[in-house]
2 protein chains.
Amino acid sequence: MQMGGGARMPAGAKSRRVYLSLLEQISAGRLEPRQKLPGEEQLAEDYGVSRVTVRRALDALAENGFLSRRAGSGTRVRPRPSAPQPVTMDFSTLLPQLVEIGRSTEVRLLSSRMDAAPEHVARALDLAPGETVQIAQRTRSIGGTAYSHLTTYVPSRIAVGISDEDLSREPLHVLLERNGVQIADARQSVSATLAGPEVASALGLPEGAALLSLDRVVRDTEGRGVEFLTGLYRPDMFRLDMSLARVDHGQGRHWEPAITPLKDTPR
Amino acid sequence: MQMGGGARMPAGAKSRRVYLSLLEQISAGRLEPRQKLPGEEQLAEDYGVSRVTVRRALDALAENGFLSRRAGSGTRVRPRPSAPQPVTMDFSTLLPQLVEIGRSTEVRLLSSRMDAAPEHVARALDLAPGETVQIAQRTRSIGGTAYSHLTTYVPSRIAVGISDEDLSREPLHVLLERNGVQIADARQSVSATLAGPEVASALGLPEGAALLSLDRVVRDTEGRGVEFLTGLYRPDMFRLDMSLARVDHGQGRHWEPAITPLKDTPR
DNA sequence: GTTAAATGTATTATCAATGATACAGCTTTC
DNA sequence: GAAAGCTGTATCATTGATAATACATTTAAC
């Protein structure tokens with residue numbers, strides 16, 4: 001399931017409603033690939049809107065690769081939405097660095113500055129109120145398409161000597177370890193959000209598209225917070241995969257993560 | 001970060017733009033709790049829209065608990081958006097059954113029927129074309145609020161004897177094991193989507209809200225697919241947490257999942 | 001070929017969202 | 001208490017989305 005919302009969404013309220021409804025049915029598989037949709041007239045009646053409105057929704061869906069339309073023939077569900085093998089994060093990497101299959105990512109540094117830590121960051125890292133952090137925003141791209149938008153916060157006393165070039169080359173925790181920081185553990189939390197204007201334009205998505213969001217707090221061996229990361233990922237280009245094994249030891253069966261690298265992911 | 005979109009969103013395009021922009025800034029922490037926003041007039045100028053439009057956005061944000069407004073005084077970011085301790089899924093459970101803290105979930109069976117497997121399900125479970133599956137849709141609620149919408153597909157030859165009452169009481173894999181199925185492993189994939197009309201109404205969200213989506217394929221000891229699940233979760237009520245440890249063994253340091261139960265999650 | 005059914009295109013009318021403006025009422029500050 | 005700054009409310013003009021309709025064009029079936 002990967003109905004990220006696509007690269008374009010109808011502006012109006014009703015056409016968007018139809019758009020989302022059809023998208024939901026396609027993603028859930030209730031509309032099979034290659035299946036012919038009801039005619040525009042029929043859909044208009046079903047949804048209680050005019051044909052023009054249905055049209056806007058269908059046009060957007062077609063433009064985003066979910067449908068293929070042919071005058072005279074009809075509108076059909078496209079076998080595979082343009083999904084160029086998404087980047088995956090799995091249990092063998094655990095950090096959202098991709099399973100490289102001969103592909104490499106380009107990093108773009110959008111901005112970096114020193115500033116007072118936002119409250120939720122200060123709380124997560126146990127910083128003194130008003131303490132300054134290095135705030136950097138980056139995008140990661142693959143094949144010229146940005147698939148993630150990262151914002152990192154590092155206490156300024158730790159970030160000394162990390163240059164902009166460093167930031168656009170190495171993962172942050174590598175830079176930190178180079179600085180002598182003893183990274184001990186991290187906590188991540190995955191959720192979902194809507195794309196706001198800034199992120200949307202950075203990732204080439206419409207505002208209001210669905211994004212996977214990941215927050216991470218990294219601590220050193222003394223329990224001090226050394227990095228706070230907030231990452232937003234395009235769901236059509238990034239997935240978090242995990243394999244589980246059902247094991248039976250002692251009292252009752254339960255699940256365990258399978259760390260073994262996954263086989264090919266045809267999906 | 002948990003800007004799910006809230007329970008109401010402005011209808012128009014521009015007001016939604018402002019709504020999402022502000023929501024993004026609040027969620028990202030660029031607008032601090034208790035911080036006073038610029039006046040409506042100022043915001044209108046900033047965004048290049050009229051005050052009425054800004055107003056619609058602010059009203060919606062206030063209604064959804066992100067802002068508090070007082071005539072004469074101003075509009076402020078609310079200290080804590082209504083976030084009643086979200087349900088979490090972590091590495092000790094690995095399946096989205098919640099970390100129970102004295103709370104229990106209610107399951108509601110929306111529908112269950114036998115039907116031909118959708119193509120993507122048949123492919124994932126290695127079914128013969130046209131093979132029938134039991135399709136069940138359920139919601140899970142906590143404290144009366146639905147936080148997840150689940151659709152499960154079980155090959156009908158396996159699902160024999162699973163009644164509707166069973167479905168609304170037990171997790172599916174428990175029922176399957178009761179039926180003698182030897183569950184061996186599962187693969188899960190997490191992503192994000194937008195709420196379509198059906199799911200939106202089932203979860204009490206506006207259409208177009210962001211959702212965490214999870215697909216799962218469960219196989220038995222002989223590698224046959226026995227369950228396909230597609231789950232949609234409210235990001236403001238459900239998070240996927242994981243702890244990682246940075247370990248140093250042999251060649252180079254790397255990350256490993258920390259299975260140890262998490263401490264309290266104050267967040 | 002003819003026909004039926006579908007998408008493509010255009011026109012005009014209607015309605016909802018937005019813009020511009022004015023003013024009333026509440027809060028804080030001095 | 002006066003002033004400044006803000007939100008709340010109303011009005012009317014304007015713009016954009018939607019509705020209704022008609023007709024052209026493409027495709028598939030017979």
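Residue numbers begin at 1 in each chain, while the letters A, B, ... track the order of the sequences.
Taking the charged nitrogens against the carboxylate oxygens, A:E131 and A:R157 do have a contact shorter than 4.0 Å, which makes a salt bridge. A salt bridge links B:D241 to A:R187: at least one charged side-chain nitrogen sits closer than 4.0 Å to a carboxylate oxygen. A salt bridge links A:E207 with B:R17: at least one charged nitrogen is closer than 4.0 Å to a carboxylate oxygen. Here A:E40 pairs with A:R55 in a salt bridge; the nearest charged N to carboxylate O distance falls below 4.0 Å. At a threshold of 4.0 Å, the pair B:R30-A:E198 counts as salt-bridged, since one of the basic side-chain nitrogens sits closer than that to a carboxylate oxygen.
In this structure, the CZ atom of B:R16 is 18 Å from the P atom of D:dG16, given to the nearest Å. Rounding to whole angstrom units, NZ of residue B:K36 and P of D:dT7 are separated by 8 Å. In this structure, A:L43 places its CG atom 16 Å from P of D:dT18, rounding to the nearest Å. Rounded to whole Å, the distance from CZ on A:R76 to P on C:dT7 is 10 Å. Between B:R17 atom CZ and C:dT18 atom P there is a gap of 13 Å when expressed in whole angstrom units. Protein atom CD of A:Q42 is 9 Å distant from nucleotide atom P of C:dA6, rounded to whole Å. Atom NZ of B:K14 and atom P of D:dG16 are 7 Å apart (whole Å). Rounded to an integer number of Å, the gap from OH of A:Y47 to P of D:dA20 is 18 Å.
Side-chain proximity of B:R69 to D:dT27, D:dG8, D:dA17: nearest is D:dG8. Considering only the side chain of A:S50, D:dA19 comes nearest among C:dT27, D:dA19, C:dT7. Among the nucleotides C:dT27, C:dC26, D:dA17, the one closest to any side-chain atom of B:R70 is C:dT27. Distance from the side chain of A:E40 is smallest to C:dT7 among C:dT27, D:dT7, C:dT7.
Taking the ring centroids of B:Y233 and B:H149, they lie at or beyond the 6.0 Å cut-off.
Across all strands, A:G12 comes closer than 4.0 Å only to sugar-phosphate atoms, never to a base (heavy-atom distances). Residue A:A11 is classed as a sugar-phosphate contact, given heavy-atom separations below 4.0 Å to backbone atoms only.
Comparing A:E41 and A:A13 along DNA chain D, the residue whose closest nucleotide (by nearest heavy atom) sits nearer the 5' end is A:A13.
The side chain of A:S73 contributes no N or O atom lying less than 4.0 Å from OP1 or OP2 of C:dT7. For B:S15, a side-chain nitrogen or oxygen approaches OP1 or OP2 of C:dT18 to under 4.0 Å.
Taking a 4.0 Å limit (strictly below) on heavy-atom distances, residues 51-60 of chain A reaches DNA chain D at A:R51, A:V52, A:T53, A:R56.
A side-chain contact (heavy atoms from CB on, under 4.5 Å) with A:L214 is found for exactly one of A:T230, A:L232, A:L229, A:L150, namely A:L229.
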